[in-house]
Amino acid sequence: MQDALPEYEVFAIRYATREARRADHFIGGDPHDGPMPMDYFVWLVRGAGRAVVVDAGFTAEIAAKRKRTFLRCPADALALLGVDPAEVRDVVLTHLHYDHVGNFHRFPAAEFHLQEPELHYAVGRHMRYAELARPFEVDDVVGIVRLNYARRVRLYNGPAQLAPGITLHPAPGHSVGLQFVRVNTRRGAVVLASDVSHFYENFETGRPYTTVFSVGDMLESFDRLFAAAPTPAHIVPGHDPLVMRRYPAPRPELEGIVVRLDVAPRDG
């Protein structure tokens, strides 16, 4: 008989935000334009004797450069959940954009898990074009290349199991080597979409957003989210402030900072 999969706790940590409008988030704009701010998250998967960090956020310096409102260092914020970044052994990088990789240096013991096409993209011919290069920070990309030479990057070409109950799934579109993470929890499989979909509204209505390498791939990757999740309510988008309202904080003092994703959302 096959052993049951571990059930993990999953947390979203909000570390930054920015003001934006609806027209910024949908290709072709939006006829009902109005405020639509973005939140920035990193995620923690904890259980079965391990702590896996999904994405590494950006630094205060990059927040100032890119005019984002920096709320807290995402690496330091792991301490709110009893995790020391210096002891983390696994960091999943969903892709190499500035807001997902910037604190890689804060995880000195970690192996980094990345889809190989993303590394090729970030150092390849398309970086000649300002619009495609814009979401990358050169120093971050060079840092990951150095870590690869140090044998600290695990590169994948397709779906992979990081650990029992934690799997990685390619979902290109926003970036060439984007991946999402599927985690077994007590409420079933939670799908951490990261930037496969910035907002609930993108994947729920099939409306692609504006930072994109391939629109066709992005739309197909929305389908991959649905296929990986037991229900749409098990999908967690990468930048939607609604995440902080739909899920509960693990402790009252963490309200607005951390929410638990391995429990049912407040709206059912």
Side-chain angles (χ1 to χ4, degrees), residues 8-18 37-48 50-63 66 68-110 112-113 140 162 166 168 178-183 185-187 190-200 234-266:
Y8 297 90
E9 299 175 326
V10 186
F11 304 89
I13 302 171
R14 177 176 177 257
Y15 72 90
T17 188
R18 79 174 177 97
M38 290 181 68
D39 279 349
Y40 294 83
F41 301 101
V42 297
W43 299 272
L44 174 67
V45 177
R46 186 172 67 188
R50 67 170 67 227
V52 176
V53 174
V54 179
D55 287 336
F58 53 71
T59 64
E61 293 75 17
I62 294 302
R66 291 184 178 254
R68 304 312 190 235
T69 301
F70 195 68
L71 303 173
R72 57 193 57 85
C73 171
D76 290 343
L78 290 167
L80 299 171
L81 297 170
V83 173
D84 181 351
E87 297 179 357
V88 170
R89 296 292 178 177
D90 295 289
V91 176
V92 176
L93 298 176
T94 61
H95 57 308
L96 294 179
H97 287 176
Y98 77 96
D99 51 326
H100 296 264
V101 66
N103 287 287
F104 67 89
H105 60 288
R106 295 295 309 278
F107 299 93
F112 294 83
H113 302 269
D140 293 341
L162 176 61
I166 305 174
L168 311 178
L178 180 62
Q179 62 183 345
F180 65 83
V181 184
R182 187 178 191 265
V183 184
T185 76
R186 61 181 178 174
R187 77 173 179 114
V190 168
V191 173
L192 300 177
S194 184
D195 283 9
V196 179
S197 188
H198 275 179
F199 294 88
Y200 285 102
H234 288 76
I235 301 171
V236 182
H239 288 281
D240 200 325
L242 287 175
V243 170
M244 299 303 292
R245 299 200 285 273
R246 291 188 178 185
Y247 290 93
R251 304 191 301 274
E253 65 270 24
L254 296 182
E255 193 72 41
I257 302 172
V258 181
V259 291
R260 283 192 70 162
L261 305 174
D262 55 302
V263 299
R266 288 166 168 159

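Positions are given from 1 along the sequence.
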Taking all atoms of both residues into account, what is the closest heavy-atom pair of [X] and [Y], and its distance?
| X | Y | result |
| --- | --- | --- |
| Arg72 | Ala77 | CD-CB, 4.0 Å |
| Ser194 | Gln179 | CB-O, 4.5 Å |
| Phe107 | Ala75 | CZ-CB, 4.3 Å |
| Phe70 | Ala63 | CB-CB, 3.7 Å |

How many angstroms lie between atom [atom1] of [X] and atom [atom2] of [Y], to the nearest 0.5 angstrom?
| X | Y | atom1 | atom2 | value |
| --- | --- | --- | --- | --- |
| Thr59 | Phe104 | OG1 | CZ | 10.0 Å |
| Leu80 | Arg251 | CG | CZ | 7.0 Å |
| Asp39 | Thr69 | CG | OG1 | 10.0 Å |
| Asp55 | Leu93 | CG | CG | 6.5 Å |
| Ile13 | Leu44 | CD1 | CG | 6.0 Å |

Kindly write out the residues that satisfy side-chain hydrogen bond (donor to acceptor under 3.5 Å, both in side chains) with [X], not counting sequence neighbours, or none if the list is empty.
| X | answer |
| --- | --- |
| Tyr8 | none |
| Asp262 | Arg260 |
| Tyr200 | none |

Would you mind reporting whether [Y] and [X] have side-chain heavy atoms less than 4.5 Å apart?
| X | Y | value |
| --- | --- | --- |
| Asp76 | Arg106 | yes |
| Glu9 | Pro250 | no |
| Leu168 | Val181 | yes |
| Leu178 | Val196 | yes |
| Val259 | Arg266 | no |
| Val263 | Arg186 | yes |
| Pro74 | Asn103 | yes |

Seminar exercise, completed: Across all chains, not counting sequence neighbours, the salt bridge (Lys or Arg N to Asp or Glu O under 4.0 Å) partners of Arg182 are none
Donor-acceptor pairs under 3.5 Å, side chain of residues 81-90 to any protein atom, not counting sequence neighbours: which ones?
unit_1 : atom_1 : unit_2 : atom_2 : d
Asp84  : OD1    : Ala86  : N      : 2.9
Asp90  : OD1    : His113 : NE2    : 2.8
Asp90  : OD2    : Arg50  : NH1    : 3.2

Problem set entry | Thr17 side chain vs Met38 backbone, donor-acceptor pair below 3.5 Å |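 Here the side-chain-to-backbone pair exists.
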Exercise. Are side-chain N/O atoms of Tyr40 and Arg68 paired as donor and acceptor at under 3.5 Å?
Worked result: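 Tyr40 vs Arg68: donor-acceptor pair found between side chains.
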Exercise. Are a donor atom and an acceptor atom from the side chains of Asp195 and His97 found within less than 3.5 Å of each other?
Worked result: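 The answer is no; no qualifying pair exists.
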Problem set entry | Candidate pair His239 and Phe41, rule ring pair (Phe, Tyr, Trp, His ring centres under 6.0 Å), full reasoning | CA-CA 7 Å; His239 288 281; Phe41 301 101; 7.3 Å; no
For this session: Please name the residue in the list Val45, Val258, Leu261 that meets the side chain to side chain contact (heavy atoms under 4.5 Å, CB included) test with Phe11.
Result: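 When side chain to side chain contact (heavy atoms under 4.5 Å, CB included) is applied between Phe11 and each of Val45, Val258, Leu261, only Val258 qualifies.
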Exercise. Restricting to pairs with a member in residues 93-104, which pass salt bridge (Lys or Arg N to Asp or Glu O under 4.0 Å), not counting sequence neighbours?
Worked result: none
Problem set entry | Close aromatic pair by centroid cut-off 6.0 Å: Tyr15 and Phe58 |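 Judged by ring-centre distance (under 6.0 Å), Tyr15 and Phe58 do meet the cut-off.
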